[in-house]
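Only one structure is covered here, and it is reproduced in the block below.
Each chain gets a letter, A, B and so on, in the order the sequences are listed, and its residues count up from 1. These figures come from a predicted structure and were not determined experimentally. Keep in mind that the numbers below use all heavy atoms, side chains included, and drop hydrogens, waters and symmetry copies.
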Amino acid sequence: MEILMILLIGIIFSVSTYLILTNSLLRVILGIIMLSHGAHLLLLTLSGLKEGAPPLLGEDAGLYADPLPQALILTAIVISFGVTAFLLVLAYRTYKSHQTDKLDKLRGHADE
Amino acid sequence: MNNLLLVPILLPFIVGTILIFFKAYPRVQRWISALTTLVMLVVSFYITYIIYTDGIQTIELSGWVPPFGIVLVGDLFSSLMVILSSIVGVVCLFFAFQTISQEREKFYFYPLYLFLLTGVHGAFLTGDLFNLFVFFEVMLIASYVLIVHGGTKYQLRESFKYVVINVFASMFFIVGIAYIYGITGTLNMADIAVKVAELEQTGVLNAIAILFLIVFGMKGALFPLYFWLPNSYYGPPSAIAALFGGLLTKVGIYAIIRTFTLIFVHDPGFTHNIILFLAGGTMFFGVLGAVSQFDFKRILSYHIISQVGYMALGLGLFTPLALAGAIYYIAHHIIVKAALFLFCGATEKITGTTDLKKMSGLLKSYPALGWLFLVSAISLAGIPPLSGFFSKFALILSGIQEERYFIIFISLIVGLLTLFSMMKIFIYVFWGEETLKGEEKKKPILPLLLPILPLVALTVILGIAAEPIFSFSMEVAEQLLDPSIYINSVLKE
């Protein structure tokens, strides 16, 4: 199962790298979203997939699942959700004021 | 257990939240935020005094015993950084009162400013790797908004790149955290340090060390990941640029120094040599960028890069003397760099431009501005008896003792080129024929100079009182180089 997850994460990372390197504002944002999903999945996978009972008092089991990664990922998801929302607004404002969503037209000169 | 450590984090956060409700009253916001930053400054001095007399202070949040809960740790290095950021916070705020336009002020400038300080102080004081990520994000999200604040065409274009690069680095931070959690099963920095020491730092742990170096290097503008900095710092008004130039990259440097003096210390032949190589590249290419520019703000931005290299040099040499030099240099740099950006803001207010070729002869109408600028400029270049000299001296002395002649040679050339580009600014802006007309000659400059004066005074004091300050940085460096002090006071073994 871990191997499968890691392959999936590899695919997500390569797709997001491709999207970030494209020329359009919106695709770059999609790439960032994919990248954050990949990173969160990696955090979940590397800390061990579910192996035991829920870590609750009263559960009688030999093994307990680690609750920490979920808490970490929840925090990270909230942060990346906020950043993505901001990034979308920023991209929209940039598009409005520059009348283009092509990154190579957003280069500008160093000395303006 | 000392709850005072929470004040630098919670105070700006709570006050910032309250200030959101005072959107329509800029005057109220000014007074409250000024009071907040001043209180923070006093508290940060008091915290440092306690840490200096009683040793490292920790708080276990909600009573969870480390390594299970989040801890806040105040050691000498982090409390020194909190003092420095509070000083810059106060000064830039008072400068912003004079220079920020009303429209910007109304759109939540002060709350965002305080949130930025929350994130910076949190990053300095936390003892937990994931919590460090969270505070980085608090700081970065506030900085995203501040850097695009005002929404000019230029700002929108460059902020998008700034945000994307920083989000990219943050995601790699999560990847690094995932790896280290997978291997050590803990996120408490002191506990990670214990586990890494038990595992012997080889193979995958070295790879993780480099991953963290890339992440923090991207935030701290190390070679070759500094390309985003000059363009993005050009956009926002000078008060914000000064705050960013003084503080933000130094948070990245702080994180590098923290992780590479506490956690990844067992293979310095590999990791610290890489840091040394990056330091050389950062210094050299940063200063070359500065020499090629003809814009006040851009020259200063490129100099941030070259000087971040000096700090990394101190860490790369990895001796007490070099690390003390790096800490002294961080203190000097934060103060002088903020002052120079504010001088840039003052001249921009007078002439309406930051292009060196369009300014000339300001010295005649504004002598105080010119000479005070000169003091900070030569302090940056490292002329005795100002603060820049003594910190660089310690770094170079240590480099010679370690027989790293090549990097010392580079750092000396960089010092010379720094002097050159600072003189270039001085000659273009303040010397020569006066081109100002009528109104421009009599702008009230005193309110602009007042906030900068303490910074200029501090660089002179840091230079003249080099002896006590250097012995203080020596103590900070010795505390950093002995991770067991930090580990024992967090885990209480």
Side-chain angles (χ1 to χ4, degrees), chain A residues 2 9 13 16-17 20-21 25 28-29 31-48 66-69 71-73 75-80 82-101 103 105-112, chain B residues 67-69 128-131 133-134 136-138 140-142 144-145 147-148 151-187 230-231 234-235 289 292-295 298 354-357:
Chain A
E2 266 89 355
I9 293 161
F13 270 27
S16 74
T17 312
I20 287 174
L21 293 176
L25 284 178
V28 172
I29 296 175
I32 289 286
I33 297 172
M34 291 290 275
L35 187 69
S36 68
H37 288 332
H40 299 154
L41 274 179
L42 189 72
L43 186 52
L44 192 69
T45 312
L46 281 182
S47 48
D66 184 359
L68 194 60
L72 302 182
I73 292 168
T75 317
I77 285 175
V78 171
I79 290 172
S80 66
V83 172
T84 311
F86 178 74
L87 206 52
L88 280 168
V89 175
L90 186 63
Y92 179 68
R93 286 284 308 273
T94 312
Y95 171 71
K96 274 291 203 189
S97 81
H98 286 270
Q99 292 300 322
T100 176
D101 72 334
L103 277 167
K105 294 197 177 121
L106 291 172
R107 262 188 193 155
H109 300 287
D111 55 344
E112 57 190 319
Chain B
F68 301 109
D128 183 280
L129 205 57
F130 193 79
N131 203 224
F133 165 75
V134 173
F136 255 105
E137 287 303 307
V138 172
L140 284 172
I141 291 172
Y144 298 155
V145 187
I147 212 161
V148 74
T152 61
K153 236 175 150 178
Y154 181 90
Q155 274 179 311
L156 284 169
R157 198 181 73 205
E158 295 302 330
S159 312
F160 185 79
K161 299 165 195 170
Y162 174 81
V163 176
V164 166
I165 288 162
N166 274 300
V167 175
F168 188 76
S170 297
M171 289 309 137
F172 272 85
F173 198 171
I174 296 188
V175 171
I177 288 172
Y179 283 150
I180 205 130
Y181 187 71
I183 289 172
T184 62
T186 176
L187 288 169
N231 279 340
Y234 182 76
S292 71
Q293 295 293 325
F294 272 95
D295 185 282
R298 276 182 210 273
T354 57
D355 191 342
L356 291 184
K357 287 174 180 162

Chain A heavy atoms under 4.5 Å from [X]: which part of the residue, side chain, backbone, both or neither?
X	answer
B/Val145	both
B/Val164	both
B/Tyr144	both
B/Leu187	side chain
B/Tyr179	both

Minimum heavy-atom distance [X]-[Y], with the two atoms named:
X	Y	result
A/Ser97	B/Lys153	O-CE, 3.0 Å
A/Ala76	B/Ile174	CB-CD1, 3.6 Å
A/Ala39	B/Val175	CB-CG2, 4.0 Å

Check your understanding: Is the CZ atom of B/Phe294 crowded by more than 12 outside heavy atoms at less than 6.0 Å?
Key -> yes
Review point. Can you name the side chain to side chain contact (heavy atoms under 4.5 Å, CB included) partners of A/Ile20, sequence neighbours left out?
Key: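 A/Ile32, A/Leu35, B/Phe168.
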Study note, to complete from the structure: By ring-ring contact (aromatic ring centres under 6.0 Å, His included), B/Phe160 pairs with (sequence neighbours left out) none
Point to revise | Steps toward side-chain contact (heavy atoms from CB on, under 4.5 Å) verdict (A/Phe86, B/Val167) | key: CA-CA 11 Å; A/Phe86 178 74; B/Val167 175; over 6 Å; no
